[in-house]
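I have placed the structure first, in the form of structure tokens, so that the comments after it can refer back to it.
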Amino acid sequence: MSKPKFRRPEPSEQQILEHLTVRPITAQERRRFDALMVEHHYLKSHSLVGEQLCYVATYRGQWLALSSWCAAARYLKGRDQFIGWSPEQCRRRRALLANNARFLILPCQHLPNLASRVMKLVLQRLCQDWQQRFKHPIVLVETFVDPRQFRGTTYRCSGWTELGLTQGWARHAKDFYIQHDQPKQLWIKSLVKNAPKKLRAATLPPAWALVENKVKPHCSTKSAELKTLTDHLARIPEYRSSHALGYPLAGLLTLIAVATFCGVVRGKKDLAQFASTLSQAQMRALRFRRRPKHNGKLSPPGVTTFFRIFNEVDEVALELALLAWQDQVLGPVQDTIIAVDGKKLRHSQGGELVSALGAQSGRWLGTVRTPDKTNEITAARTLLERLSQREELSGKVVVLDALHTHQETARLIVQELGADYLFTVKANQETLHKTVSGLLSARSFSPCGSGAQGTDGAEEPGTARATPTAPPGHDPGAGLLCGGPTDRGTLQHDEQKGHGPDPENLAAHHQCRSGCVAGPGVTAVPSSLLGD
């Protein structure tokens, strides 16, 4: 291809260059736009994918050039290496890129510098137009140039960067590519400063982050990881008939768990959509079976499969399998503080779950469903008893909110489980709140504080003072009640009288070994410190 001879624009041509305008086409102009592309562009087609904008350059109403932009290519080795982002970042943030799919100077309009002038005007407004139309910006653009047809001079003059040749593959179907042996030049241009660096960052700028929220969850878990969880869930007994075992229970439960980790929380239709992103290798790891009507290929489960799967799953066996898998991945539980709390399920008929978490690591330790016509108090006790069967709770601290500040819960934690407790006390618990408030005086209280003195009248090392009352400006309407299994005598004395341990006795006689109190017994802090 011979190099064209350069010439400067004549005055009349310079007039056009200085006064031409570039604008998006209207819906009524789309048919004319497409027809001109098919007639005059060397590719003889105008098929765009995803979000798209088409521009026309005009002078006094006459069309001079056409430019169309659409969604960027899914994966480009040269582009992705230049940006430096991961495959998952590429999938979630690719909407911030656009592809210059077509660029055409209409016949009889080949003026010197027209192409670079039109490209400059398009790029000046592309980001703003995209923001207005699709509610997010464009920060980097790409295009392909056939070296057998063009030199890429327009892009070079407009500040684009050539990244080399593509590998000569074209997407032919959803997951199928064909090699056409016609590699193209790959060109890119940043529309904002440091665009590649920002695109590969751990978090996007707020104005860009909206694109990630629109991307549907995708299963990016490796096959080996799926197989590990499936092996654990295979312990759960299969309750379905043999004709339904094209999708074994263990594989389906693994899929549901991974989908939950990826943010799929809206129901069975979203689960089916998530399943459609599985590769053949991932479905093999889930032990899905081939079916003759699918030509021997594995197919993902549909909505009806997920409707049936939740009917009779053994929830206790499921919990034990998930906890065993968690232990294998994370190692033994190291938390010394266990937080217990209940949450109502959104969009459910009164459903409520009570869960235990490791307060230091945030690690899940178990969940119990609140029985019908009860509240989470009973469920929390059941959860703690189940938890104690799996691991030793002695020496650990159980933290619960004011709803659980109850005599029976305190007795269970201290006497049966050998743990300590940390309860919240509110003003509506009048008797207990009065007792705690009385202990929280400015003076020390037994058995520690100023009463513990050495022979010389000084306080002995290691003694502590009672926590003072709430300072001015703080609401003393809530506090913390701590108790532990140190003083068993008082508890036994209470039980010999025919009743359980009184929270006031727990407050006065039990030591919290967690270090959350100044000394044995009970303390309270302002509610502002509790996050209540």
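This is a predicted model, so every value here is computed, not measured.
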Out of R30, R31, R32, which residue meets the side-chain hydrogen bond (donor to acceptor under 3.5 Å, both in side chains) rule with D34? R30
Atom pair [atom1]/[atom2] of [X] and [Y] - distance to nearest 0.5 Å:
X	Y	atom1	atom2	value
L48	M37	CG	CE	8.0 Å
I236	L318	CD1	CG	4.5 Å
T143	L186	OG1	CG	8.5 Å
R23	Y55	CZ	OH	12.0 Å
L17	R117	CG	CZ	7.5 Å
F306	L271	CZ	CG	5.0 Å

Give a yes or no on whether the ring-centroid distance for F150 and F103 is below 6.0 angstrom.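 No, the ring of F150 stays outside the 6.0 Å limit from the ring of F103, centre to centre.
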I'd like to know whether the aromatic ring centres of H46 and F33 sit less than 6.0 Å apart in this structure. yes
Using a cut-off of 6.0 Å, state whether more than 12 heavy atoms not belonging to [X] lie near its atom [atom1].
X	atom1	value
K193	NZ	no
Q128	CD	no
Q132	CD	no
R369	CZ	no

Hydrogens and angles aside, do [X] and [Y] bring a side-chain donor and acceptor to less than 3.5 Å of each other?
X	Y	result
T221	Q282	no
S116	S158	no
E88	H218	no
D401	T424	no
W69	N99	no
Q131	H136	no
T58	T21	yes
W130	E51	yes

Salt-bridge contact R390-E319 (side-chain N to carboxylate O under 4.0 Å):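 Judged by the 4.0 Å cut-off on N to carboxylate O distance, R390 and E319 do form a salt bridge.
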Non-hydrogen side-chain atoms of [X] and [Y] separated by less than 4.5 Å:
X	Y	value
D327	P332	no
L53	S67	no
V354	V340	yes
V118	L64	no
L43	V38	no
F288	P300	no
L76	E142	yes
W208	V139	yes

Pairing residues for E212 by the salt bridge (Lys or Arg N to Asp or Glu O under 4.0 Å) criterion, not counting sequence neighbours: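 Per chain and number, E212 pairs via salt bridge (Lys or Arg N to Asp or Glu O under 4.0 Å) with R92, R93.
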R156 vs E162, salt bridge (Lys or Arg N to Asp or Glu O under 4.0 Å): CA-CA, chis, key distance, verdict: CA-CA 8 Å; R156 182 174 286 107; E162 182 183 0; 3.6 Å; yes
Is the backbone of [Y] close enough, under 3.5 Å, to the side chain of [X] for a donor and an acceptor to pair up by distance?
X	Y	answer
T228	A224	yes
D335	Q360	yes
Q185	G152	no
S190	A195	no
Q89	S86	yes
Q28	T26	no

[X] versus [Y], closest heavy-atom pair with distance:
X	Y	value
L199	W85	O-CE3, 3.9 Å
P9	E13	CA-OE1, 3.3 Å
G342	E352	C-OE2, 4.4 Å
L278	C219	CD2-SG, 3.6 Å
A250	T230	CB-O, 3.7 Å
L298	Q280	O-NE2, 2.9 Å

Does R94 make a cation-pi contact with Y75, if we ask for NZ or CZ under 6.0 Å from the ring centre and within 45° of the axis? yes
Residues in side-chain contact (heavy atoms from CB on, under 4.5 Å) contact with D270, at least two apart in sequence or another chain: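 Counting only residues at least two positions away or on another chain, D270 forms a side-chain contact (heavy atoms from CB on, under 4.5 Å) with V264, R266.
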Residue of the set L191, V141, I83, V211 for which side-chain contact (heavy atoms from CB on, under 4.5 Å) holds with L97: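 In the set L191, V141, I83, V211, the residue that makes a side-chain contact (heavy atoms from CB on, under 4.5 Å) with L97 is I83.
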Does anything in residues 220-231 pair up under salt bridge (Lys or Arg N to Asp or Glu O under 4.0 Å), and if so which pairs, sequence neighbours excluded? K227-D231, D231-R287
In terms of relative ring orientation, are W160 and Y155 parallel, tilted or perpendicular, with 30° and 60° separating the classes? perpendicular
